[in-house]
Trainee: 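Here it is, the structure, as structure tokens.
The first residue in the sequence is number 1, and the count goes up from there.
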Amino acid sequence: MKNIREECGIIAVYLKEEKEMGIIMYDGLMSIQHRGQDANGFVIYNKGNLERRVGLGLVSETTKEEDLKIVGNIGIGHTRYPTTGRCKIEDVQPVQYKNIALAHNGHVSNYIELRKELEEKGYEFRGTVDSEPFVYLIYEEMKKGKSIEEAVKILMEKTVGSYSVVAIINGKLVIFRDPHAIRPLVMGKRDGEYCFGSESVIFDVLGFEYSGQIFGGELLIIDNGRIEKKEIIKKEQKNCMFEYVYFSRPDSIINDLSVNDVRRELGKILAKEHPADADIVVPVPDTSRTAAMAFSESSGIPYDEGLIKNRYIGRTFIMMRQDKRREAVKRKLNPIKSVLEGKRIILIDDSIVRGTTMREIIKMVRKAGAKEVHLRITCPPIKHPCFYGVDMPTYEELIANNKEIEEIRKYLDVESLGYLSLDGLKKALGKNICTGCLNGEYFSEYVKGIAQKEKEKKGVFVGCSKC
């Protein structure tokens, strides 16, 4: 419903001996299904062979019974969203080329340049996914006699953007993260076995213990039970704040912080920054629920569930037409009239993008009889597109880029509107976060150039079409 979405979820597992890795991949991918519902896949390594299975749709829809029985000791997997049009099978990860299989979460800003360079060397591209140039680039460098470490270093030096990567290279499990650590990547252990993924919830499902994050610019190689960790390139960490505000499951740990704890802190700070005289605090389900509870506790205003979500409707924010988005609000949310009628409501949500979906929600709440609506948002106004792996609209479409807060309040028809401050966000998350979509402070000259070009042209910009 947000018109913002993360692109992917990744998983990797290393076992001491061969087991039915297919069922492990299935369970792991199911735990991060929320990060990508349009396509999924996995690759399993066993005694020199790579078994690849990919499909369009949910994990439960595409996985066959025989896939669950595939045996191996290394597996990598991926769940995916496209950002424009329909997802094509050629873009479903993991990508495989000869003895390399690779999946990634993020967005390579200079994808076009990398692709052109590799095409000139004779590599043929089947799709438009960022993992494809990664595979070719690593293969090209290793063909020259470079080690995995040397090949990954060259990749990091040539690549602009975000990437958390899991790969199988010559029978070894290879894990690395971009130098700024934008997209999440965490690690779990269990008696000499290892698991990696976008969120720690994978470890809870598969029986691993959380053992920390992979830091920006780090490379891990696991071979014959031995794990080797190296720092390839060190730069300032710039974790994506939307992972905490919206994308990740509340029961996950990413970047060594509990998502649930961060959302509670966001709610507490928001209550202090933007108090309101009201009767009840109501969340827009589901991601704002934790923050709404904390807002209620801090303010002393009772919490109640005034909007019910239909869990059998897909993630409707992928709809491109605005009229379809409006219809989707009614299908996905329904108000509880007995809770809202005659009440002064503090409505909590995590973000406002275009504002059109929120406007429909406000209309719904008012139609149910709410006396007043005070809207509170757990992140600052989104004024700029993302170029690091989050699908966002254009400068033209972002309401906070075109209207002042008071104008937004009038457009949404609420008694008051309060966004969390940037200082409040940093207090909850720490200073090592990417704030490009909030204040336009992108941390690479290349991306600053892209942003300037987008400001100067009209039409729809998509943050990532290749993840």
Trainee: Is there a side-chain contact between V43 and R52 (heavy atoms, below 4.5 Å)?
Mentor: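 A side-chain contact under 4.5 Å exists here.
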Trainee: Measure the SG-CG distance between C379 and D350 for me, rounded to the nearest 0.5 Å.
Mentor: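 One finds 7.0 Å between SG of C379 and CG of D350.
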Trainee: Does any non-hydrogen side-chain atom of Q33 lie less than 4.5 Å from one of L58?
Mentor: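 Heavy-atom side-chain distance check passes, below 4.5 Å.
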Trainee: What's the separation between atom CD1 in I222 and atom CZ in R226, rounded to the nearest 0.5 Å?
Mentor: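 Reported to 0.5 Å precision, the distance equals 11.5 Å.
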Trainee: For E150, give me all partners under side-chain contact (heavy atoms from CB on, under 4.5 Å), at least two apart in sequence or on another chain.
Mentor: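 Per chain and number, E150 pairs via side-chain contact (heavy atoms from CB on, under 4.5 Å) with K146, S147.
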Trainee: Between M187 and L220, is any pair of side-chain heavy atoms under 4.5 Å apart?
Mentor: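 Yes. Closest side-chain heavy atoms under 4.5 Å.
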Trainee: Can you tell me if E218 uses its side chain to pair, donor with acceptor, with the backbone of F215 under 3.5 Å?
Mentor: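 It does hold such a pair.
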Trainee: Measure the spacing between OH of Y45 and CG of N99 and express it to the nearest 0.5 Å.
Mentor: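 Here the rounded value is 9.5 Å.
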Trainee: Quick one: are V353 and L398 in side-chain contact, heavy atoms under 4.5 Å?
Mentor: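 SC-SC contact between V353 and L398 confirmed.
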Trainee: Which residue, V13, I70, I76, forms the side-chain contact (heavy atoms from CB on, under 4.5 Å) with F42?
Mentor: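 Per the side-chain contact (heavy atoms from CB on, under 4.5 Å) rule, the option paired with F42 is I70, out of V13, I70, I76.
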Trainee: Looking at every heavy atom in both I202 and G197, which two are closest together, and how far apart are they?
Mentor: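 I202 and G197 have their closest heavy atoms at CD1-CA, 3.7 Å.
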Trainee: Do you know which two heavy atoms are closest between G72 and L15, and how far apart they sit?
Mentor: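 Looking at all heavy atoms of both residues, the shortest contact is O-CD1, 4.4 Å.
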Trainee: Under 3.5 Å, side chain of T378 to main-chain N/O of S288, donor-acceptor pair present?
Mentor: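 The answer is no, because no donor-acceptor pair under 3.5 Å joins these two groups.
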Trainee: So, N255 side chain and L257 main chain: donor-acceptor pair closer than 3.5 Å or not?
Mentor: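 Looks like no, no N/O pair under 3.5 Å.
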Trainee: Can you tell if the side chain of I138 reaches within under 4.5 Å of the side chain of V174, non-hydrogen atoms only?
Mentor: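 When only atoms from C-beta onward are counted, V174 and I138 do not touch, as no gap falls below 4.5 Å.
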Trainee: For atom NZ of K453, is the number of surrounding heavy atoms from other residues, nucleotides or ligands below 6.0 Å larger than 12?
Mentor: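 Not buried by this count: 12 neighbours or fewer within 6.0 Å.
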Trainee: Do S248 and E243 meet the criterion of a side-chain donor-acceptor pair at a distance under 3.5 Å?
Mentor: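 A pair is found: one side chain offers a donor N or O, the other an acceptor, under 3.5 Å apart.
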Trainee: Using side-chain heavy atoms (C-beta onward) and a distance below 4.5 Å, is R115 in contact with T128?
Mentor: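 In short, these two side chains touch, coming nearer than 4.5 Å.
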Trainee: Kindly give the heavy-atom pair with the smallest separation between Y419 and I352, and that separation in Å.
Mentor: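 The answer is OH-CD1, 3.6 Å.
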Trainee: Under 6.0 Å from the NZ atom of K144, do we count more than 12 heavy atoms belonging to anything else shown?
Mentor: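 Count over threshold, so yes.
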Trainee: Is any NZ, NE, NH1 or NH2 atom of the basic residue among K116 and E113 found under 4.0 Å from an Asp or Glu carboxylate oxygen of the other?
Mentor: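 No, no charged N to carboxylate O under 4.0 Å.
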Trainee: For the backbone of R183 and the side chain of R177, can you confirm whether one donor and one acceptor N or O come within less than 3.5 Å of each other?
Mentor: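 Judged by distance alone, yes, a pair lies under 3.5 Å.
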Trainee: Apply the side-chain hydrogen bond (donor to acceptor under 3.5 Å, both in side chains) test between H104 and each candidate in S162, S131, S164; give the one that qualifies.
Mentor: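 With H104 as partner, side-chain hydrogen bond (donor to acceptor under 3.5 Å, both in side chains) holds for just one option, S131.
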Trainee: Given the rule in the side-chain contact (heavy atoms from CB on, under 4.5 Å) test, do I169 and I100 qualify, once you have shown the distances and angles that lead to the verdict?
Mentor: CA-CA 5 Å; I169 303 175; I100 301 174; 4.0 Å; yes
Trainee: Quick one: side-chain hydrogen bond (donor to acceptor under 3.5 Å, both in side chains) partners of E231, sequence neighbours excluded?
Mentor: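 E231: no side-chain hydrogen bond (donor to acceptor under 3.5 Å, both in side chains) contacts found.
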Trainee: Take atom NZ of K121 as the centre, draw a 6.0 Å sphere, and report whether it contains more than 12 heavy atoms from other residues, nucleotides or ligands.
Mentor: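 Counting other residues, nucleotides and ligands, NZ of K121 exceeds 12 neighbours.
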Trainee: Q237 and P179: which non-hydrogen atoms are nearest, and at how many Å?
Mentor: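 Distance-wise, the nearest heavy atoms are NE2-O, 3.2 Å.
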Trainee: For V160 and V447, work out which heavy atoms get closest and say how close.
Mentor: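 Taking every non-hydrogen atom into account, CG1-CG2, 4.2 Å.
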Trainee: Per the salt bridge (Lys or Arg N to Asp or Glu O under 4.0 Å) rule, what does the pair list look like for residues 420-430, sequence neighbours excluded?
Mentor: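 Residue pairs with at least one partner in residues 420-430: there are none.
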Trainee: Have N239 and Y244 got a donor and an acceptor in their side chains that come within less than 3.5 Å?
Mentor: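 N239 vs Y244: no donor-acceptor pair found between side chains.
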Trainee: Show me the donor-acceptor pairs within less than 3.5 Å that the side chains of residues 151-159 make with the rest of the protein, sequence neighbours left out.
Mentor:
{"residue": "K153", "atom": "NZ", "partner": "E157", "partner atom": "OE2", "Å": "2.5"}
{"residue": "K158", "atom": "NZ", "partner": "E117", "partner atom": "OE2", "Å": "2.6"}
{"residue": "T159", "atom": "OG1", "partner": "L155", "partner atom": "O", "Å": "2.7"}

Trainee: Go through the side-chain N and O atoms of D349 and Y246 and say whether any donor and acceptor fall under 3.5 Å apart.
Mentor: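 The answer is no; no qualifying pair exists.
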Trainee: Taking NZ, NE, NH1 and NH2 as the nitrogens, is one of them in R249 or E199 under 4.0 Å from a carboxylate oxygen of the other?
Mentor: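 No, R249 and E199 are not salt-bridged.
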Trainee: Is the shortest heavy-atom distance from the side chain of I253 to the side chain of V186 under 4.5 Å?
Mentor: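 No. Closest side-chain heavy atoms not under 4.5 Å.
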Trainee: Ion pair present between E236 and K238, side-chain N to carboxylate O less than 4.0 angstrom?
Mentor: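 Salt bridge present between E236 and K238.
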Trainee: Given 3.5 Å as the limit, does a donor-acceptor pair link the side chain of N40 with the main chain of G57, or not?
Mentor: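 Yes.
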Trainee: What closest approach, in Å, do L56 and T62 show between heavy atoms, and which atom pair accounts for it?
Mentor: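 In terms of heavy atoms, the two residues are closest at O-CG2, 3.2 Å.
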Trainee: What residues, two or more places apart in sequence or in another chain, satisfy ring pair (Phe, Tyr, Trp, His ring centres under 6.0 Å) together with Y139?
Mentor: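 If we apply the ring pair (Phe, Tyr, Trp, His ring centres under 6.0 Å) test to Y139, skipping adjacent residues, the hits are Y97.
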Trainee: Could you walk me through whether K230 and E228 pass the salt bridge (Lys or Arg N to Asp or Glu O under 4.0 Å) test, one step at a time?
Mentor: CA-CA 7 Å; K230 293 190 177 182; E228 182 181 8; 3.3 Å; yes
Trainee: Less than 4.5 Å apart, side chain to side chain, heavy atoms only: is that true for F247 and I254?
Mentor: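 Not in contact.
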Trainee: Do Y388 and F443 have their ring centres less than 6.0 Å from each other?
Mentor: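 When the ring centroids of Y388 and F443 are compared, they turn out to be within the sub-6.0 Å range.
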Trainee: Any pair with a residue in residues 14-30 that passes side-chain hydrogen bond (donor to acceptor under 3.5 Å, both in side chains), sequence neighbours left out, goes on the list, sorted by first then second residue, please.
Mentor: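 Output for this query lists K16-D191.
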Trainee: Is there any salt bridge (Lys or Arg N to Asp or Glu O under 4.0 Å) pair reaching into residues 440-451, and which pairs are they, with sequence neighbours excluded?
Mentor: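 Checked against salt bridge (Lys or Arg N to Asp or Glu O under 4.0 Å) - neighbours excluded - the pairs reaching residues 440-451 are E445-K448.
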Trainee: Decide yes or no on salt bridge (Lys or Arg N to Asp or Glu O under 4.0 Å) for D286 and R289, but give the supporting numbers first.
Mentor: CA-CA 6 Å; D286 285 316; R289 185 173 281 119; 2.9 Å; yes
Trainee: Got a second to check how far R354's CZ is from N402's CG, nearest 0.5 Å?
Mentor: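 Going from the CZ atom of R354 to the CG atom of N402 covers 12.0 Å.
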Trainee: Could I get the full list of side-chain hydrogen bond (donor to acceptor under 3.5 Å, both in side chains) partners for R126, not counting sequence neighbours?
Mentor: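 With neighbours one apart ignored, the set is empty.
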Trainee: List for me each residue that meets ring pair (Phe, Tyr, Trp, His ring centres under 6.0 Å) alongside F176, sequence neighbours excluded, and say none if there are none.
Mentor: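 Scan of F176 (ring pair (Phe, Tyr, Trp, His ring centres under 6.0 Å), adjacent residues dropped) gives none.
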Trainee: Got a second to check how far S211's OG is from R190's CZ, nearest 0.5 Å?
Mentor: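 Atom-to-atom, S211:OG and R190:CZ are 12.5 Å apart.
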Trainee: Which salt bridge (Lys or Arg N to Asp or Glu O under 4.0 Å) pairs, counting each pair once, include a residue from residues 56-75, with sequence neighbours left out?
Mentor: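 Pairs touching residues 56-75 that pass the test: R53-D67.
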Trainee: Hey, could you give me the OH/SG distance between Y163 and C8, rounded to the nearest 0.5 Å?
Mentor: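 Atom-to-atom, Y163:OH and C8:SG are 15.5 Å apart.
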Trainee: F125: what forms a ring pair (Phe, Tyr, Trp, His ring centres under 6.0 Å) with it, not counting sequence neighbours?
Mentor: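 Partners of F125 under the ring pair (Phe, Tyr, Trp, His ring centres under 6.0 Å) test: Y136.
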Trainee: Who pairs with T290 by side-chain hydrogen bond (donor to acceptor under 3.5 Å, both in side chains), at least two apart in sequence or on another chain?
Mentor: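 By the side-chain hydrogen bond (donor to acceptor under 3.5 Å, both in side chains) rule, T290 matches N260.
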Trainee: Taking the six-membered ring for Trp, are F196 and Y194 parallel (under 30°), tilted (30 to 60°) or perpendicular (over 60°)?
Mentor: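 Plane angle under 30°, so parallel.
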